[in-house]
Amino acid sequence: MKPLIAGNWKMNKLPSESETWVRDCTSKLQHIDHSHAEIALCVPFTHIASMTNVLVATVVRLGSQDVSAYESGAYTGEVSAAMLKDLGVCYAIVGHSERREYHQERDAVVCAKAQAALSHGLVPIVCVGESLEQRDAGEADEVVTTQLKASLAGINLDNADDLVIAYEPIWAIGTGKTASAAQAQEMHEKLRAHLAGKYGADIADGVPILYGGSVKAANAEEIFAGKDVDGGLVGGASLDSRGF
Ligand code: PEP
């Protein structure tokens with residue numbers, strides 16, 4: 001499986017600022033052997049139409065930061081998987097901890113969003129992760145595997161390329177603290193074991209499990225060295241094209 005490095009711009013940058021990022025970044029990305037790594041950028045909905053045109057000539061694939069669980073119709077403010085697919089989007093983040101926290105998204109909603117993405121040929125990046133209190137209480141494994149199980153409930157998978165999982169400990173997101181390489185590997189191994197129980201070892205081995213939480217150029221190599229760490233979901237550090 002190819003490692004995946006996905007940027008998550010969150011609610012940052014104006015659409016008019018995006019082209020500069022791409023210009024600065026792509027000259028460096030040309031040197032990456034694309035057969036060894038997949039690069040994606042998850043931008044705000046407002047940036048997607050223009051970014052499709054700008055990224056088309058690059059190796060960077062486009063992602064959204066959310067997707068509606070609904071197909072179409074009277075859902076004011078929602079953006080459907082079909083709309084995103086039509087604009088050339090490849091990935092959709094679902095269940096990011098900021099959506100779970102600020103928009104009260106529960107696992108059942110995350111699961112419906114992942115299903116909506118899959119049914120339109122988008123690859124959901126399903127995020128799971130524990131809070132600091134949960135880790136300190138020794139509940140991290142239980143919390144994270146329960147989230148994974150519920151977020152994938154009823155989802156069948158024929159192809160490992162159709163799914164990405166991101167382990168993002170909440171205490172490491174945007175805080176400058178990262179999980180140690182050993183903590184990340186330990187959790188990723190458990191997540192892969194769960195995927196193997198559900199989908200079989202062949203599929204589980206092919207599903208990228210990304211680590212997210214204050215990844216930057218200075219710590220990426222160490223964290224990504226874990227055998228079950230297949231790349232990263234990069235928030236703050238993706239805003240700077242050079243660092244990304
Ligand atoms: C994220 O937004 O998914 C994330 C991991 O953010 P940061 O890299 O800034 O911690």
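Counting from 1, the numbers follow the sequence of the chain as shown. What's counted below: heavy atoms across the whole structure, side chains too, no hydrogens, waters or symmetry copies.
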Enclosure of [X] [atom1] (heavy-atom neighbours >12, cutoff 6.0 Å):
{"X": "Lys190", "atom1": "NZ", "answer": "yes"}
{"X": "Glu78", "atom1": "CD", "answer": "yes"}
{"X": "Glu17", "atom1": "CD", "answer": "yes"}
{"X": "Lys13", "atom1": "NZ", "answer": "yes"}
{"X": "Glu139", "atom1": "CD", "answer": "yes"}

Tell me the closest heavy-atom pair linking [X] and [Y], and the distance in Å.
{"X": "Leu84", "Y": "Asp66", "value": "CD1-O, 3.8 Å"}
{"X": "Pro208", "Y": "Met1", "value": "CA-SD, 3.6 Å"}
{"X": "Met51", "Y": "Leu62", "value": "CB-CD1, 3.9 Å"}
{"X": "Pro124", "Y": "Leu122", "value": "CD-O, 3.3 Å"}
{"X": "Tyr211", "Y": "Val229", "value": "CB-CG1, 4.1 Å"}
{"X": "Ala140", "Y": "Glu130", "value": "CB-CG, 3.6 Å"}

**salt_bridge(Glu105, Lys113) N-O dist < 4.0 Å** =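 Yes.
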Could you check if a side-chain atom of [X] sits within less than 4.5 angstrom of a side-chain atom of [Y], using non-hydrogen atoms only?
{"X": "Val207", "Y": "Val164", "result": "no"}
{"X": "Cys90", "Y": "Val123", "result": "no"}
{"X": "Ser214", "Y": "Thr175", "result": "yes"}
{"X": "Val43", "Y": "Ser18", "result": "no"}
{"X": "Val110", "Y": "Arg100", "result": "yes"}
{"X": "Leu239", "Y": "Phe244", "result": "no"}
{"X": "Asp230", "Y": "Leu4", "result": "no"}
{"X": "Leu41", "Y": "Trp9", "result": "yes"}

**Request:** State whether a side-chain donor-acceptor pair under 3.5 Å links Ser131 with Gln134.
**Result:**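 Side-chain D/A pair, Ser131 to Gln134: present.
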**Request:** Report the relative orientation of the aromatic rings in Tyr70 and Tyr75; use parallel for angles under 30°, tilted for 30 to 60°, perpendicular for over 60°.
**Result:** parallel
**Request:** First locate atom CD1 of Ile203, then atom CG of Asn159, and finally report the distance between them rounded to the nearest 0.5 Å.
**Result:**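 So the gap between those two atoms works out to 7.0 Å.
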**Short side-chain to backbone donor-acceptor contact, Trp21 and Ser238, under 3.5 Å** =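 Indeed, once roles are kept as given, a pair shorter than 3.5 Å links the two residues.
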**Message:** Please check this pair: side chain of Gln65 against backbone of Asn8, looking for a donor-acceptor N/O pair closer than 3.5 Å.
**Reply:** no
